[in-house]
2 protein chains.
Amino acid sequence: MITLSEENYLKAIYHLERQMGGAVSTNAIADKMETKASSVTDMVKKLADKDYIIYKKYQGVSLTAKGNKTAANVVRKHRLWEVFLVEKLNFSWDEVHDVAEQLEHIKSPKLINELDVFLEFPTHDPHGDPIPDKDGNISKLDKISLSKVALNDLCTCVGVIDSSAEFLKYLDKHKIALGTQIKVIEKESFDESMTIVIHNSELNISKTVANNIYVKTH
Amino acid sequence: MITLSEENYLKAIYHLERQMGGAVSTNAIADKMETKASSVTDMVKKLADKDYIIYKKYQGVSLTAKGNKTAANVVRKHRLWEVFLVEKLNFSWDEVHDVAEQLEHIKSPKLINELDVFLEFPTHDPHGDPIPDKDGNISKLDKISLSKVALNDLCTCVGVIDSSAEFLKYLDKHKIALGTQIKVIEKESFDESMTIVIHNSELNISKTVANNIYVKTH
DNA sequence: AATAAAATTTAGACATGTCTAAATATATAT
DNA sequence: ATATATATTTAGACATGTCTAAATTTTATT
Ligand SMILES: [Mn+2]
Ligand SMILES: [Mn+2]
Ligand SMILES: [Mn+2]
Ligand SMILES: [Mn+2]
């Protein structure tokens, strides 16, 4: 039986493996989990004993097939619950994270199957992140950062990288949501800020904001 | 911050206080929680320190107002989730318990409020048990055990006492559900079994079965 | 290649929640 | 009232997950 802590570590490693490539370092895990490197070392030994990860002293860790499937299933549950909260319980996209963080650990295959049915098999969560299927497979959408979009190109917002409440509220304030059409009409080279048109009005956004918005070009 | 274990103990004490009257003994809690008396002693000390219960050595425990409200809220969450599972996710009433046992510990006032709205403010769970309101108040329905019903009286099944999967499946097999009309047409005095009519057919049930069905007389 | 800096692991501690076995208190029986 | 049985608590142990401080290994610098 896997514990809640083990699931959280596996999920962190799963995300880090995708973010970086190759082995995930102890410090990277400690940063993401907001814990100490020594705690990480303790835990990765346990996870390696249980065959969820490959761990070589001082060399970082990587998920085994078993670990990847387990982690993907936690992510699947997290994102399905986020959809439920937004679609059915009137949560906004900046309110779902902490609750999903708890709900993702509920153990019941039937529950998550039926939730999937009830939500009519959603493919993406409220932040535009893809929902892994039962086997841990995940659809790779061809999305790019808004900061990479060429001048005068039209694109659609399909996701966010930073999904902190602060950033999401900033987007809300400026009426940027998933599905919103965006046109880049100016780029400042000195600070890499850009002017965009949304809902027929102009908005200047910083490099940081542009970096954290995923779009699909038309 | 209250822990999952503390919540489970409070809930057990809450149910036992209702079942018996007066102080709840260490052994009664140990039985209900399927743990050892020594573990109970350890935990009741913590709960008393946190003002959830009154504990006098060797004299058992009783909930404080704070403890009662906290316990009732766990019960509220448990029962609302059970309604959700049955009404929305196609669970049957014998499948919900273990999952609700986990879901009841999710911490989010908004979640449980919105779930209540989404389910349209249910007053009872799938087993006929009343759902406490936000303040821990609970409606007392005038229900009695089927074994107490007089000969030839017509009544309606409104709940069960034993909500084990075994018993619930027995009821399913014999087409007894909440809302089912029941007429007692014969009582055997030697073993206290009885013959009832449901859906126009006769059925003989044991004393134990009759004891575990709650009904409302007409 | 030797040294300094950074990353990682180990050692020892603590908190939570559990257990067994032993001690103590309460209840029951003679 | 004393002895016996039952209920409860205490003592000491263990597992999980965390931490700080010290030791060790790896990486970067000169
Ligand atoms: Mn989590
Ligand atoms: Mn998300
Ligand atoms: Mn529980
Ligand atoms: Mn119930």
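Please read all numbers here as calculations on a predicted model, not as lab measurements. Below, read A as the first sequence line, B as the second, and so on, with proteins coming before strands; counting in each chain starts at 1.
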_With a 4.0 Å limit, can you tell me whether A/Asn27 has a side-chain N or O closer than that to the phosphate oxygens OP1/OP2 of C/dT8?_
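Yes, such a contact exists.
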*Are A/Ser25 and C/dA7 close enough that a side-chain N or O sits under 4.0 Å from OP1 or OP2?*
no
Under 4.0 Å between any heavy atoms, over every strand shown, what does [X] touch: base, sugar-phosphate, or nothing? Just pick one.
{"X": "A/Thr26", "value": "sugar-phosphate"}
{"X": "B/Ser39", "value": "base"}
{"X": "A/Ser5", "value": "sugar-phosphate"}

_Residue list, ring pair (Phe, Tyr, Trp, His ring centres under 6.0 Å) with A/His78, at least two apart or on another chain_ =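 A/His78: ring pair (Phe, Tyr, Trp, His ring centres under 6.0 Å) contacts with A/His97.
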*Which pairs with one or both residues in residues 117-127 of chain A pass salt bridge (charged side-chain N to carboxylate O under 4.0 Å, His left out), sequence neighbours excluded?*
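Counting only pairs at least two positions apart or across chains, the salt bridge (charged side-chain N to carboxylate O under 4.0 Å, His left out) contacts touching residues 117-127 of chain A are A/Arg79-A/Asp125.
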*Between B/Tyr58 and A/Asp42, name the one whose nearest nucleotide on DNA chain D is closer to the 5' end.*
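Its nearest nucleotide lies further toward 5', so the answer is B/Tyr58.
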_Let me spell it out: for each of B/Tyr55 and A/Met43, pick the nucleotide of DNA chain D with the closest heavy atom. Which residue's pick is nearer the 5' end?_
B/Tyr55
*Qualifying residues under side-chain contact (heavy atoms from CB on, under 4.5 Å), relative to B/Tyr214, sequence neighbours excluded*: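 Result, side-chain contact (heavy atoms from CB on, under 4.5 Å) vs B/Tyr214: B/Lys143, B/Val158, B/Ile161.
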*Of all residues at least two apart in sequence or in a different chain, which pass the side-chain hydrogen bond (donor to acceptor under 3.5 Å, both in side chains) check with B/Glu87?*
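For B/Glu87 there are no side-chain hydrogen bond (donor to acceptor under 3.5 Å, both in side chains) partners, ignoring immediate neighbours.
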*Qualifying residues under side-chain hydrogen bond (donor to acceptor under 3.5 Å, both in side chains), relative to B/Ser92, sequence neighbours excluded*: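 By the side-chain hydrogen bond (donor to acceptor under 3.5 Å, both in side chains) rule, B/Ser92 matches B/Asp94, B/Glu95.
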_Do B/Ser145 and B/Ser147 pair up side chain to side chain, a donor and an acceptor below 3.5 Å, judged on atom types alone?_
yes
_chain B footprint on DNA chain D, 5' to 3' - any atom under 4.0 Å from a heavy atom_ = D/dA7 to D/dT10
